[in-house]
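Report on the structure given below.
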Amino acid sequence: MQFTFEKKQRRRLYLSFTLIFLICAVFVYGTYFLTGHELIWHLDGANQHLPLMQQYRQILKDFLTDPTKPFEQWSWHMGLGTDTFSVYSYYLIGDVFAYLTLLFPVGKMVFAYQFLIILRLYCAGLSFVFFVSHFKDLKDHAILCGSLVYLFNAYLLYSNVAQPFFTLPFIIFPLIITAIEKVLQDGSFWPLYLVFSWMLISNFYFAYVMGLGAMVYLALRWFISYRKSGKIFGKLCKLASATVLSLLTSAFMLIPEIYAVMHSTRSASDFANGLKVYPLYYYLALPSQLINGGNRDFYFWSALGFCSLAFFAIIYILVKRRKYPVLATLFGFSFVMLLIPACGAFFNGMMSPSNRWTLMLCLPVGLASAILVQNITQLSKKMLKLFTIALVAYLAVITSTYYFQNNERIFIPIIFLAIFWAVIYVINTADIRSGSLVMLFVSLGNVCLNAVYFEAPFNGGYSNEMLDSGAYVRLSENRYAGLEQDLDEKNDFYRVSTLSQNYFFGSDYHMYNALNDKLYSLNSYYSLQNKDLGNFSTLMQNTQYESNIPLGQVSDRTILNDFFGVRYLFVRINQPNADKIPAGFVLDKTTRRITDPNGNSKLDSQTQRYKNECAFPLVYWQDKVLTQKDTENLSISAKERALADGVYVSEKNASGLSHADISNKSFDVPYTLVSSRGNVVSALDFEKRDKNETYRIILQNPEEYQNCELHVEINDINYVPYSLKKQVSIEQRAKDNDPEQGILAQNKSLNYYRYLRYHVLQGSPNISYALKVDGPYGTEKISQPDQSALSFFKKVTNGTLNLGYFPKQLPDSLTLSPTKLGSYGFELRVIATPLSGDYRSQVKKLQRHALMNVKFSRNMLSGSIKTSRDGILASSIPYSKGWSATVNGRKAKVIKTNHAFVGLRLSSGKSDIVLKYRIPGLRQGLLITKLSLVFVLALALCDYLRFKKENEKTP
């Protein structure tokens with residue numbers, strides 16, 4: 001195969017691709033619309049991509065209206081407040097399609113969002129066609145077949161809609177390979193510089209992935225094809241120049257992004273989630289993943305799901321490896337990578353073992369498919385025999401694993417696998433000259449049916465995860481059921497929240513962000529979150545903590561809600577935790593109650609608003625301090641309670657200040673732990689052998705604790721799962737001896753197979769577990785996710801469960817339920833924290849010490865305060881090195897208070913405070929970019945003059 005840059009007329013090819021794409025789009029996207037859905041995923045799409053796109057469009061419009069207006073570098077509407085660059089750079093700044101939203105009126109943003117999803121995929125196809133059209137021997141029908149394989153696979157069927165910017169690498173990567181080939185063939189380095197710059201600006205994560213992919217391709221291509229071609233130094237200089245110049249040009253993005261990543265919750269993740277090998281179910285499922293285009297079980301993101309043609313294309317390339325050594329080597333290399341978690345983690349930024357790098361595998365698979373179709377009428381009998389042997393072996397493997405997977409989604413791919421084999425055989429035995437056209441039609445049918453099966457709602461299809469038509473607009477307009485209409489934050493800053501697991505709208509939609517709302521929300525859900533905020537959440541043992549969601553609703557804990565300034569809670573009745581209202585929140589307003597037509601009050605619906613009079617101010621003065629020594633022996637509940645007593649600072653910043661008295665603010669409640677079998681057990685060491693066994697935490701003298709919030713603190717958790725053999729044996733024995741089962745249910749072989757299959761598919765034995773505690777207000781739990789949770793994986797050894805506020809007395813008992821068989825050991829404490837007189841008086845004192853005359857302007861907060869003695873100005877503003885401060889016009893050092901928040905040390909007297917935010921690294925990055933652009937323009941001018949001079953010499 002010769003890669004050439006000879007100019008060829010390909011207008012007909014692009015028109016044909018457009019027609020083919022439109023046909024596929026009818027099936028790929030039409031299924032959603034036909035079933036009354038929009039292309040808005042209920043999770044990321046509705047919480048991140050669409051609302052952020054709306055906000056970013058407004059930012060662009062404001063800039064075009066008044067370019068002198070400073071860019072918003074800090075937003076108070078993203079959770080507690082965050083650096084806007086860390087959010088927009090990940091999702092939007094480098095997405096060229098986001099700028100097309102300016103062509104649409106503001107009322108058409110939902111349509112624009114969906115239109116751009118389709119446009120991105122179309123452009124990805126154009127990029128592939130552009131790349132493959134450089135191969136001299138490939139005809140139009142072959143290229144079109146390759147484009148179907150490249151575009152319409154499980155990876156893009158999912159991510160093109162779920163996370164639209166995931167489509168960008170499919171546009172950029174073929175251009176990168178084309179530009180590298182340009183340099184290797186002694187062409188200009190400018191295309192490589194431009195596409196590298198686009199890659200680096202588009203998204204730092206995918207830039208890392210594609211950068212590694214480009215290096216792998218370059219190394220293989222150089223070693224196999226170009227190492228003896230001569231002009232080595234010149235080619236290396238061009239490659240190095242393009243790389244260095246693109247890095248310098250994109251510095252305005254890279255430097256702030258690197259800072260944001262290094263100071264995010266993701267920076268502390270374990271390499272490959274601690275895995276040395278994948279679970280058995282991954283290896284069992286991997287063979288079928290290759291062609292299972294209807295599959296959505298992306299085990300460790302090995303989302304392949306190609307058109308069944310790809311199977312024969314890969315076999316063809318491997319057999320013809322001497323003719324196609326680069327492709328054959330890439331397939332072999334990729335296969336090995338898919339087997340080793342460390343490879344996935346390496347290509348995933350040294351984090352979880354996510355095989356998102358397989359997006360780059362789509363390019364060689366698409367090219368291989370085009371090559372096979374190009375040669376489809378010239379296959380030898382030996383090749384046809386090898387195809388038959390490979391097909392039989394492959395079907396045998398899939399059939400054997402079907403006993404574990406039982407996944408009916410594989411049937412359509414298998415049917416088309418057989419159809420392709422039959423068509424290939426007939427083409428080569430009946431001498432059909434239009435074989436490539438036949439292959440194109442079969443491929444078209446394959447990808448269209450895969451798409452329909454992937455999306456159709458009837459068997460758990462992907463459209464079930466899309467918002468219904470018009471739902472996003474309804475959510476935007478009725479997020480709080482109108483109860484927010486009379487709230488005004490213009491002169492009074494506060495935050496709002498919901499109850500955990502409670503604010504549910506249907507279609508599995510949960511409200512994580514409230515970006516476009518006028519209110520400031522507690523919760524936030526973005527890929528990059530403030531590391532210090534994550535540290536605070538884990539220090540407080542917030543069981544809702546995730547790297548993408550650092551706070552959640554802080555498990556409805558009263559003091560944490562107060563500390564974060566939550567003044568209003570929105571609650572939906574007859575949903576989980578509806579009665580677990582934090583202390584101090586009183587019913588303020590409700591919507592009309594909609595009663596169940598059958599008179600079942602448990603099915604009534606209503607939204608309620610609760611008001612809190614104990615919310616901490618955003619910024620306040622505190623004259624008492626706490627240090628590590630003061631709090632190291634406290635329970636988590638006591639540390640939480642201490643937030644009202646004093647402010648945590650370093651020993652250096654605490655020098656000369658009074659330390660808070662934090663004694664006797666929370667109390668250990670004595671208890672007895674009793675198994676449901678009647679045995680008294682120790683939480684420090686016990687085994688769960690029966691999946692139905694639970695444990696009662698019987699509280700002693702519960703009537704002695706009034707006006708208390710009840711916490712169950714679980715620390716130093718050590719869970720050791722039983723071996724696979726033992727788990728299966730225990731469950732099989734329990735089933736066989738179950739007295740409720742009849743004689744006909746005692747099928748020992750079936751029971752053994754059932755439990756073996758279940759545990760294999762669960763990856764047993766694995767480290768995941770859950771400890772659930774049930775109380776009068778609902779269920780709380782501590783969960784250790786499985787290592788397959790990828791970026792949501794974390795090692796959980798502790799947690800504090802909030803069972804609610806009890807004004808009269810504590811409950812007599814709680815129920816503890818470990819969810820998995822195995823050995824457990826942990827320290828269990830039951831803590832009661834009074835939240836009446838003393839606590840309330842301290843909160844009122846903090847409210848009196850709030851920063852006065854607070855004014856918010858873009859990237860700035862100002863106010864004044866008068867104090868009688870030295871102290872600490874504390875806040876619930878997330879800390880970042882981007883913050884700077886002045887006190888009475890003089891520069892002041894911003895310190896970290898309460899482990900994660902902005903603060904200042906103040907002297908007595910009147911202080912005028914100004915806090916300013918500047919994106920860390922942006923100024924330095926812009927300077928480097930500006931200087932590099934000057935150099936690039938000068939270099940481009942020299943190149944132009946040289947080119948012009950050479951042309952003038954040419955007769």
Side-chain angles (χ1 to χ4, degrees), residues 73-83 489-496 519-522 530 532-533 536 551 559-567 612-626 642-649 653 657 660 842-918:
Q73 301 184 48
W74 180 268
S75 172
W76 298 102
H77 284 285
M78 297 177 180
L80 295 185
T82 193
D83 180 306
E489 289 186 331
K490 290 182 179 179
N491 301 312
D492 187 12
F493 185 96
Y494 55 84
R495 297 186 175 101
V496 302
L519 301 178
Y520 304 113
S521 178
L522 173 64
N530 186 297
D532 289 316
L533 187 58
F536 175 82
L551 295 177
I559 297 175
L560 289 183
N561 270 288
D562 292 346
F563 173 75
F564 288 123
V566 175
R567 186 174 298 177
N612 179 24
E613 296 296 337
C614 290
F616 286 24
L618 177 66
V619 185
Y620 57 93
W621 177 76
Q622 176 67 276
D623 62 341
K624 297 292 191 297
V625 295
L626 298 164
L643 292 171
D645 294 300
V647 55
Y648 178 91
V649 292
N653 291 317
L657 299 178
Q842 287 178 317
V843 173
K844 296 299 181 184
K845 180 181 176 181
L846 295 179
Q847 291 174 341
R848 291 194 298 271
H849 291 166
L851 186 69
M852 304 299 292
N853 305 315
V854 176
K855 295 181 180 178
F856 295 91
S857 55
R858 184 153 293 198
N859 309 318
M860 187 185 302
L861 178 151
S862 63
S864 60
I865 194 168
K866 188 174 183 180
T867 61
S868 58
R869 52 190 174 275
D870 292 359
I872 301 294
L873 192 71
S875 76
S876 57
I877 303 171
Y879 178 83
S880 167
K881 288 186 177 180
W883 285 108
S884 63
T886 60
V887 178
N888 296 326
R890 295 182 178 180
K891 186 176 181 180
K893 182 181 179 181
V894 177
I895 65 174
K896 191 183 296 185
T897 62
N898 292 320
H899 306 280
F901 305 98
V902 168
L904 299 169
R905 177 158 177 160
L906 292 181
S907 301
S908 59
K910 187 176 185 300
S911 300
D912 292 322
I913 311 296
V914 177
L915 288 170
K916 294 183 179 180
Y917 189 80
R918 297 291 181 269

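Below, each value reflects all heavy atoms present in this structure, side chains not excepted, and no hydrogens, waters or symmetry copies.
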Where is the tightest heavy-atom contact between [X] and [Y], given as atom of each residue plus distance?
| X | Y | result |
| --- | --- | --- |
| W621 | L846 | O-CD2, 4.2 Å |
| L904 | A885 | CD2-CB, 3.6 Å |
| A660 | L626 | CB-CD2, 3.8 Å |
| N612 | V566 | ND2-O, 3.0 Å |
| Q73 | N859 | N-OD1, 2.5 Å |
| S876 | P878 | O-CD, 3.5 Å |

With rounding to the nearest 0.5 angstrom, report the [atom1] to [atom2] distance, [X] to [Y].
| X | Y | atom1 | atom2 | answer |
| --- | --- | --- | --- | --- |
| K910 | I865 | NZ | CD1 | 10.5 Å |
| F901 | Y879 | CZ | OH | 13.5 Å |
| S880 | R918 | OG | CZ | 12.5 Å |
| L851 | L906 | CG | CG | 9.0 Å |
| D83 | S75 | CG | OG | 10.0 Å |
| F563 | C614 | CZ | SG | 15.0 Å |

Within-4.5 Å side-chain heavy-atom neighbours: [X] and [Y]:
| X | Y | result |
| --- | --- | --- |
| T897 | I872 | yes |
| D623 | K845 | yes |
| L618 | V854 | no |
| R567 | D492 | yes |
| E613 | K844 | yes |
| H849 | Q622 | no |
| L643 | L560 | yes |
| L522 | L80 | yes |

Practice task
Answer yes if the ring centres of F536 and Y648 are under 6.0 angstrom apart, and no otherwise.
Solution key: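 Ring-ring flag for F536/Y648: false, centres at least 6.0 Å apart.
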Exercise for the section: Please report the C-alpha distance between L861 and W74 in whole Å, then the side-chain angles of each, then the deciding distance to 0.1 Å, and finally whether the side-chain contact (heavy atoms from CB on, under 4.5 Å) criterion is met. Expected result: CA-CA 11 Å; L861 178 151; W74 180 268; over 6 Å; no
Test item: [X] side-chain N/O and [Y] main-chain N/O as donor-acceptor pair under 3.5 Å:
| X | Y | value |
| --- | --- | --- |
| S911 | V887 | no |
| D870 | S908 | yes |
| N530 | L533 | yes |
| D912 | S864 | no |

Handout entry: CA sep, side-chain torsions, deciding dist, call: R905, L657, side-chain contact (heavy atoms from CB on, under 4.5 Å)
Key = CA-CA 10 Å; R905 177 158 177 160; L657 299 178; 3.9 Å; yes
Handout entry: Option passing ring pair (Phe, Tyr, Trp, His ring centres under 6.0 Å) with W76 (candidates F856, Y494, Y520)
Key =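 Option passing the ring pair (Phe, Tyr, Trp, His ring centres under 6.0 Å) with W76: F856.
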Exercise for the section: Kindly write out the residues that satisfy salt bridge (Lys or Arg N to Asp or Glu O under 4.0 Å) with D532, not counting sequence neighbours, or none if the list is empty. Expected result: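 With neighbours one apart ignored, the set is K896.
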Practice task
Might you work through the side-chain contact (heavy atoms from CB on, under 4.5 Å) test for F493 and V619, ending with a clear yes or no?
Solution key: CA-CA 10 Å; F493 185 96; V619 185; over 6 Å; no
